[in-house]
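Letters A, B, ... mirror the listed sequences (proteins, then strands); counts begin at 1.
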Amino acid sequence: MPKKELLDEISAGEVKLAGLNGDRTAVDDGEIIIPGVTEDVQKTHYCGKLNIDYVNQAVKLAGWVGKRRDHGGLIFIDLRDRSGQVQLVFDQRQGNDLFNLAESLRNEYVIAIKGEVIKRSEETINRSIPTGEIEVSVNSMDILNSAKTPPFYIEDNINVDENLRLRYRYLDLRRPEMLNRLKLRHRTIKLIRDYMDRYDFLEVETPVLTRSTPEGARDFLVPSRMQGGEFYALPQSPQLFKQLLMVSGIERYFQVVRCFRDEDLRADRQPEFTQVDIETSFLNAENLFFLTEGLVKELWEKIHGTEISQPFTKMPYREAMNRFGTDKPDLRYGMELVDLNEAAGKSDFKVFKTALENGGAVKGLCLPGGVSLSRKDLDDLTLLARQLGAKGLAWAYVEDEGWRSPIAKFFKQPLIEAINHKMAARPGDVLLFVADKWETSCTVLGHLRVKFAPENLPKEPHFLWVIDFPLFHYNEEEQRYDSDHHPFTAPRPEDMPLLEEDPLSVRAQAYDLVLNGVEIGGGSMRIHDSVIQSRIFELLGLSKEESTEKFGFLLEALSYGAPPHGGIALGLDRLIALLNGDDSIRQVIPFPKTANASCLMTGAPAPVSDQQLQELKLSIEEKQEEK
RNA sequence: GGAGCUGUGGUGUAGAUGGUUAACAUAUCGGCCUGUCAAGCCGAAGAUCGCGGGUUCGAGUCCCGUCAGCUCCGCCA
């Protein structure tokens with residue numbers, strides 16, 4: 001079949017959406033079919049797929065004992081497997097041996113049965129479960145394994161310490177809602193692979209043992225036995241490899257790949273996580289946007305059943321900061337930040353005026369109905385603002401006559417009215433002000449905006465591209481420029497002249513994909529000219545020797561005919577969590593780590609033997625006893 | 001590195017101001033029970049209150065420390 005051109009496909013609108021909603025496997029047909037395997041199977045059907053169509057059929061089922069309801073001469077067992085559950089019936093009148101065996105069943109025993117699907121009488125139908133119209137009359141049973149009483153209930157909507165769930169994760173995953181998360185994850189990855197394949201992307205694997213590079217997150221290190229005293233690093237992302245694959249002429253690469261960053265954890269951050277890593281040659285950012293939009297659109301439509309319209313909104317970084325105080329704004333609600341530089345200049349409030357004189361900004365945020373906040377609440381907010389980096393937080397209760405506020409005396413009545421007007425403030429609202437460096441004023445109020453976000457926000461996805469990130473930011477600690485994205489990001493061509501005179505004002509060809517206030521991906525067009533790449537390294541404070549030592553292979557590769565290229569990486573765990581409506585990515589990772597980066601099930605990380613250490617030429621410093 | 005919240009039978013919770021045998025639900029075990037599906041009824045067993053120290057005549061409760069989990073800040077190109 002001849003290859004189609006990507007852009008032709010896009011313009012022809014050939015991204016087909018099948019409206020598929022379930023997993024399309026043999027399971028859907030109830031019967032489990034493995035071609036060529038006909039004898040000695042322990043189960044012929046999945047429990048949860050049986051229904052009225054199977055009445056009078058002989059079936060072999062196997063699974064776990066869920067609930068048991070023992071009525072004396074009649075025992076009901078809910079048999080659970082991967083697909084769901086079905087009710088088994090044991091009737092004493094049909095024989096004592098089997099019945100006595102059934103009486104010995106306990107929760108989570110593993111059993112295999114042979115039986116017949118029978119229709120339930122009208123009064124005994126259970127409409128609340130999919131298999132509720134039928135039940136299975138058991139003719140024979142093998143108890144394949146017994147089970148200890150589980151430490152928590154194997155059912156949905158449990159309220160258990162996460163500690164326990166993580167320690168017994170294999171039992172936690174037995175719960176249908178967790179099993180469904182694994183299925184959702186599988187289906188998501190399959191849709192991604194199919195989509196990328198449709199557009200001629202090659203999935204190429206890259207090394208997990210690679211070399212540590214400066215900048216970025218802290219690396220996980222792996223000691224080398226062959227070269228004692230030297231270390232591999234686990235990749236923070238396959239960034240350099242995918243660029244090198246572009247030099248190799250792959251043109252379109254993707255990978256569902258594990259990445260590692262040794263930084264502190266959060267609800268949406270694990271030390272190892274999965275990226276959908278994408279890199280293309282000969283496509284510009286707009287092409288890449290369209291492609292990425294098509295991918296997430298497909299996921300939401302096929303998995304979530306939500307219609308998504310393209311193209312997504314785009315917003316420059318500067319605007320996102322000015323209006324929402326963050327580079328990942330949640331557009332589902334307003335409460336936008338207001339620029340008050342002009343009004344602040346007319347006030348007699350020294351704090352505001354000083355901030356302006358130092359080149360900073362005065363920003364405001366209106367909390368509708370904020371009158372319900374007590375004086376102490378506002379003190380707490382001030383404390384929070386300080387923790388977030390602001391020097392302070394000014395506030396004002398908006399009343400009919402004016403402001404009730406410690407700073408009201410610095411503002412003449414017309415000025416108060418002008419500010420109220422600009423912030424659309426009404427009596428009963430509270431106004432919050434921060435005067436500081438522009439970025440601080442924005443981010444502090446941006447945090448408070450999120451803190452006071454309306455409850456019950458709509459679930460509908462609001463996708464957003466944040467574009468035009470700065471190429472560099474200034475690292476105060478190290479007294480030098482740092483890449484905002486990474487050092488391989490291309491500057492916008494029209495900003496190239498600024499590279500020498502005003503590096504901080506250079507905009508990058510970098511972009512983040514944001515969904516409802518969550519960053520779900522980011523990428524950039526890359527530098528494919530080794531001269532420009534060298535210059536960027538210099539600006540970042542890397543000497544010629546350092547850049548040759550750390551990145552020589554990249555610079556060399558770029559000099560062998562590197563095509564223009566760029567790409568993006570999507571956070572798969574976050575995507576899946578959002579698709580499932582979960583707050584934490586731990587829910588959709590089969591075996592996650594705790595906030596301490598340990599695994600409660602295996603006990604990792606753990607000490608190793610002296611022999612292992614010796615082979616690696618490592619020695620462990622004894623922990624200092626604190627006196 | 002910092003801050004906050006949580007920790008009581010297997011599980012989930014209750015135990016104001018310190019006071020005798022730590023309560024409830026559920027699970028577990030035993031008995032009864034032929035149409036349940038959160039089955040029902042009767043009974044039994046099950047907790048050194050995360051750990052260590054301190055204050056006190058007396059600590060689940062107060063204080064200090066520590067451990068673990070969660071959330072956030074710093075950090076995460």
Worksheet item: If you look at every strand shown and take non-hydrogen atoms under 4.0 Å, does A:F488 touch a base, only sugar-phosphate, or nothing?
Response: nothing
Worksheet item: Are A:F76 and B:U36 stacked, counting the six-membered base ring, centres under 5.5 Å, planes under 30°?
Response: yes
Fill in: Ring center gap for A:Y511 and A:F469 short of 6.0 angstrom
no
Discussion item. With the 90 degree cut-off around zero defining syn, does B:A27 come out syn or anti?
Written reply: anti
Discussion item. Students often mix this up, so state it plainly: with edges at 30° and 60°, are the rings of A:H45 and A:Y54 parallel, tilted or perpendicular?
Written reply: perpendicular
Worksheet, complete the sentence: Nearest-nucleotide check on RNA chain B, A:D70 vs A:T594; residue mapping nearer the 5' end is A:D70
Worksheet item: Considering only side-chain heavy atoms of A:R266, which listed nucleotide, B:C75, B:U34, B:A38, is closest?
Response: B:C75
Response to the item:
Closest of B:U28, B:U36, B:U71 to the A:N107 side chain is B:U28
Worksheet item: Between the side-chain atoms of A:R586 and the base atoms of B:G69, is any donor-acceptor pair under 3.5 Å?
Response: no
Fill in: Earlier contact from the 5' end, RNA chain B, for A:H486 and A:L166
A:L166
Discussion item. Please confirm whether the shortest side-chain N or O distance from A:S598 to OP1 or OP2 of B:G69 is below 4.0 Å.
Written reply: yes
Discussion item. I want to verify a distance call: between B:G69, B:G12, B:C29, whose nearest atom is closest to the A:V160 side chain?
Written reply: B:G12
Discussion item. Please pick, from B:C72, B:U11, B:C76, the nucleotide with the shortest atom-to-atom distance to any side-chain atom of A:L164.
Written reply: B:U11
Worksheet item: Among B:G12, B:U28, B:C70, which nucleotide sits nearest the side chain of A:R68?
Response: B:U28
Item to complete: Kindly point out which of B:G35, B:G10, B:U71 is positioned nearest to the side chain of A:Q87?
Response: B:G35
Item to complete: Please round to the nearest 0.5 Å and tell me the distance separating atom CZ of A:R175 and atom CD1 of A:I154.
Response: 8.0 Å
Practice prompt. Look at the side chain of A:E263 and decide which nucleotide, out of B:C76, B:U34, B:G30, has an atom nearest to it.
Written response: B:C76
Worksheet item: Heavy atoms under 4.0 Å, any strand shown: does A:D484 hit a base, just sugar-phosphate, or nothing?
Response: sugar-phosphate
Fill in: Selected nucleotide, minimal atom distance to A:T149 side chain, candidates B:U28, B:C37, B:A39
B:U28
Worksheet item: How is A:E155 classified with respect to the nucleic acid when contacts are heavy atoms under 4.0 Å: base, sugar-phosphate, or nothing?
Response: nothing
Worksheet entry | Whether A:F488 and A:H486 hold their rings parallel, tilted or perpendicular, with breakpoints at 30° and 60° | tilted
Worksheet item: If you measure from the Lys or Arg side-chain nitrogens to the Asp or Glu carboxylate oxygens, is any gap between A:R526 and A:E279 under 4.0 Å?
Response: yes
